[in-house]
Amino acid sequence: MTRETTMGVRSVTDNLGIQRATKDQRSEGLARFLGWFSLGLGVTALAAGSRVARAAGVDDSRTARTVLRAAGVREIGHAGVLLVPRRAGLGTWTRVAGDVLDLVATGRAYRNRRGERRRRAGLTLAALGGITAVDLYASVRATRNRRGNPEGFAHGSVTVNRTREEVYRFWHDFENLPRFMYHLQSVITTGPRRSRWSAKAPAGRTVEWEAEIVDERPNELIRWRSVDGSRVPNSGTVRFTPAAGGNGTEVRVELEYAVPGRRVGSLVAKAFGENPQQQICDDLRRFKQVIETGEITRSDGTPDGTSIQTQAKQRPARPLAAHRTA
Amino acid sequence: MKANCWMAPNRVAVEEVPDPTVLNPRDAVVKVSSAAICGSDLHLLDGFIPAMKRGDVLGHEFMGEIVELGSGARDGLRVGDRVVVGFPIACGDCASCQRGLYSVCENSNPNAAIAETAMGHAPAGIFGYSHLLGGYAGGQAEYVRVPYADVGALKIEDDLPDEQVLFLSDVLPTGYMAAEMGDIKPGDVVAIWGAGPVGQFATVSAFLLGAEQVVVIDRFPYRLRIARDRAGADTINYEETDVLDTLREMTAGRGPDVCIDAVGMEGHHASAALHAYDRAKQAVKAETDRPHALREAILACRNGGTVSAIGAYGGFIDKFPMGSFMNRSLTLRSGQAHVQRYMRPLLERIRKGEIDPSFIITHTMRLDDTPHGYDIFKNKQDDCLKVVLKP
Ligand SMILES: [Zn+2]
Ligand SMILES: [Zn+2]
């Protein structure tokens, strides 16, 4: 099942009832279409060069025909880049670069032609402009979708060796969350369904928002969202299900957040970590540690405990100097 | 304090490092009275375990006295207690720990995300055993921080000397678990590849579990002599005799009921060509481990028998005899020792005099001499089988 969620995030619900973000199949389809389009243009330019030259209004010059043939070869190159790998990726940008070349060449032809030829060159220029716009759209979309989760959806799951009641109760007290969610500074309960969240930001600044519980089913689910007007619009769901065979509780978290612009985008990064998907996995690992063992596991090599940032820059496994443990 | 640090492949050095302190509520700081060099430390020395950093403190077999204790230790431990510490770090609370599978504790590896990438799921953290297994400082040092001390540290109540109880931290439970995984029945014939400390203790344990005959396979005469004289085994020197033929003959064609691989990733083979094949693949990283012992154990094992792999493997092996394994109804069991499960019962056996593990010790030296200890242990010089360090 595919549906648009409340935050406008495309996602699917699988047969376990778990919501997952989808791959952006729309932009991949567009890239493939552009690939076939390039192939058609390239073959036409090579096989029927003179007719294409006449249609574009540049049939009066030998140089133009050479340029046209070169453009044909280039189009076939684009087709290869777009069609051979299954993922669109950066291939569409090669088409944008080609479009710019075509626009420059046709623009020069337009300035040098008069009458009927000028009219045809003008039409070609307009058509090229349209194609460039489509290519640009496809490229931006494909590139954007390559970087992590720009659509603002992240999820994670963990199995905890505790009863559903215990796990639900611990999570439902949002003031517990900063114990294992490293990006959170504090959560203060301000009413039966309301809470005030604050997250660390660089240079001693904080990002704050107000959240409310919109749905709760004891021992099953908690759904929350930020109150209207928040600078970091977000919503989330945490589900609790019994693990098969009575082996504890499965905890599944889904987080959605809006990414309306660059500035707010960086606020999101501060509120949910640079990579919210990884952040959720780390948070859940620490959640399991805290609720099962009462502490967050730390070693001499990673004195800050589980977190992908500290894993990237580990120190040697030697004891810490005493002054660093404060 | 002084500690033995990994500096680079094939180089360790005793360095001055900060004293450890309590980081978490269930931590203890132990003043080490005895530590040992383990065969699996050699894989670190040789650079076959990834994720080592210059300066990492080594050592996962140690015992000593608790000198500092966190506020949350649960098990009635006191400052001043004499303890042996198990090498896998285990929380005692996760589903794995509660099933007795301490070496796959779900909470004790702070680098679980890295280990998951390499192995699919993360095993427990281990003292002084690379950042893949947690990045914990080890016990070849004057002091060591013990996380979850209430699970990992076993109090020694009586005056048994260090030499008798030290190996409860690793090689004794490891050898015992190797035999236990073989599901030995009274009257069984057991073959064990490797006459190092784990192979020696697997031999002793196999007899305790009812084996009638134990055959130990190695290439160093002095190690085979100890297996014969001290552990009661028959022996095969694989550089002098064909192992498969000899085992077949000893069992009149059946093959051993239980085959134990106590060698692991850096095995040797009598055939120079076969050894070169795996050594070359290892050099270009086409396989990480040289599984000579495992292949031979599978081929030797009787139809329907059990192969128990306790030797340490790191990554991927090549030419696993799957056809032999499948067609002959073999069972393969393996694992890092769940040490905490065996420490107490094995301590009882030591106390009753059923086992005296001190027979494997060939060298005792000061912590300052650790690099020399590594050298003679690795190169099998001076008839070295086990080095005990006294900080
Ligand atoms: Zn060991
Ligand atoms: Zn555990």
Side-chain angles (χ1 to χ4, degrees), chain A residues 156 158-163 166 179-180 182 243-250 275 277-326, chain B residues 1 3 5-6 15 17-27 29 51-58 70 72 74 89-99 105-114 116 122 125 127-131 133-138 141 143-145 147-148 151:
Chain A
V158 73
T159 304
V160 177
N161 190 26
R162 286 286 180 273
T163 63
E166 224 174 315
R179 284 180 68 187
F180 59 91
Y182 277 11
N247 292 311
T249 305
E250 296 175 356
N275 181 344
Q277 180 65 56
Q278 183 60 51
Q279 190 74 53
I280 283 190
C281 294
D282 290 346
D283 286 346
L284 284 175
R285 217 187 284 281
R286 288 186 293 256
F287 169 66
K288 177 179 164 70
Q289 288 168 3
V290 167
I291 197 165
E292 286 185 353
T293 77
E295 58 187 52
I296 285 172
T297 301
R298 302 197 282 171
S299 73
D300 310 84
T302 47
D304 301 326
T306 316
S307 117
I308 207 74
Q309 279 94 339
T310 62
Q311 286 176 355
K313 42 177 189 224
Q314 288 194 353
R315 21 169 296 123
R318 311 179 153 206
L320 288 168
H323 67 272
R324 290 203 46 193
T325 60
Chain B
M1 68 160 184
C5 301
W6 186 95
E15 299 237 309
V17 305
D19 288 352
T21 49
V22 165
L23 283 181
N24 273 353
R26 292 168 63 192
D27 288 359
V29 174
M52 288 299 289
K53 279 181 177 290
R54 183 189 166 87
D56 285 350
V57 177
L58 293 172
R74 298 171 187 167
I89 298 167
C91 74
D93 294 313
C94 68
S96 296
C97 285
Q98 292 190 347
R99 289 185 190 118
C105 172
E106 296 158 30
N107 285 319
S108 66
N109 187 348
N111 299 332
I114 303 176
E116 276 169 10
F127 290 100
Y129 214 79
S130 93
H131 289 256
L133 298 175
Y136 288 94
Y143 296 90
V144 59
R145 168 186 169 244
Y148 306 116
V151 177

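Quick note on labels: first sequence line is chain A, next is B, and so on, each numbered from 1. None of the values given here were measured: they were computed from a predicted structure.
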Which residues pass the side-chain hydrogen bond (donor to acceptor under 3.5 Å, both in side chains) test with Q289(A), sequence neighbours left out?
T306(A)
Chain A contact via C5(B) - side chain, backbone, both or neither, heavy atoms under 4.5 Å:
side chain
Taking N107(B) for the side chain and C91(B) for the main chain, is one N or O donor matched with an acceptor at less than 3.5 Å?
no
Chain A contact via A113(B) - side chain, backbone, both or neither, heavy atoms under 4.5 Å:
both
Would you mind telling me which of G138(B), G135(B), A141(B) has the largest number of heavy-atom pairs within less than 4.5 Å of chain A?
G135(B)
Please classify the contact of E106(B) with chain A as side chain, backbone, both or neither, using a heavy-atom distance under 4.5 Å.
both
Does a side chain donor of either T297(A) or Y148(B) reach within less than 3.5 Å of an acceptor in the other side chain?
yes
How long is the straight-line distance from OH of Y182(A) back to CD of Q279(A), given to the nearest 0.5 Å?
10.5 Å
Answer with side chain, backbone, both or neither: which region of R162(A) has an atom nearer than 4.5 Å to a non-hydrogen atom of chain B?
side chain
Name all residues meeting the side-chain hydrogen bond (donor to acceptor under 3.5 Å, both in side chains) criterion together with N109(B); count only those two or more places apart in sequence or in a different chain, and write none if there are none.
none
For M1(B), is it the side chain, the backbone, both or neither that has a heavy atom under 4.5 Å from a heavy atom of chain A?
side chain
So what's closer than 4.5 Å to chain A heavy atoms on R54(B): side chain, backbone, both or neither?
backbone
Candidate pair Q314(A) and I114(B), rule side-chain contact (heavy atoms from CB on, under 4.5 Å), full reasoning
CA-CA 12 Å; Q314(A) 288 194 353; I114(B) 303 176; 4.1 Å; yes
Could you look at A112(B) and say if it's the side chain, the backbone, both or neither that has a heavy atom under 4.5 Å from chain A?
both
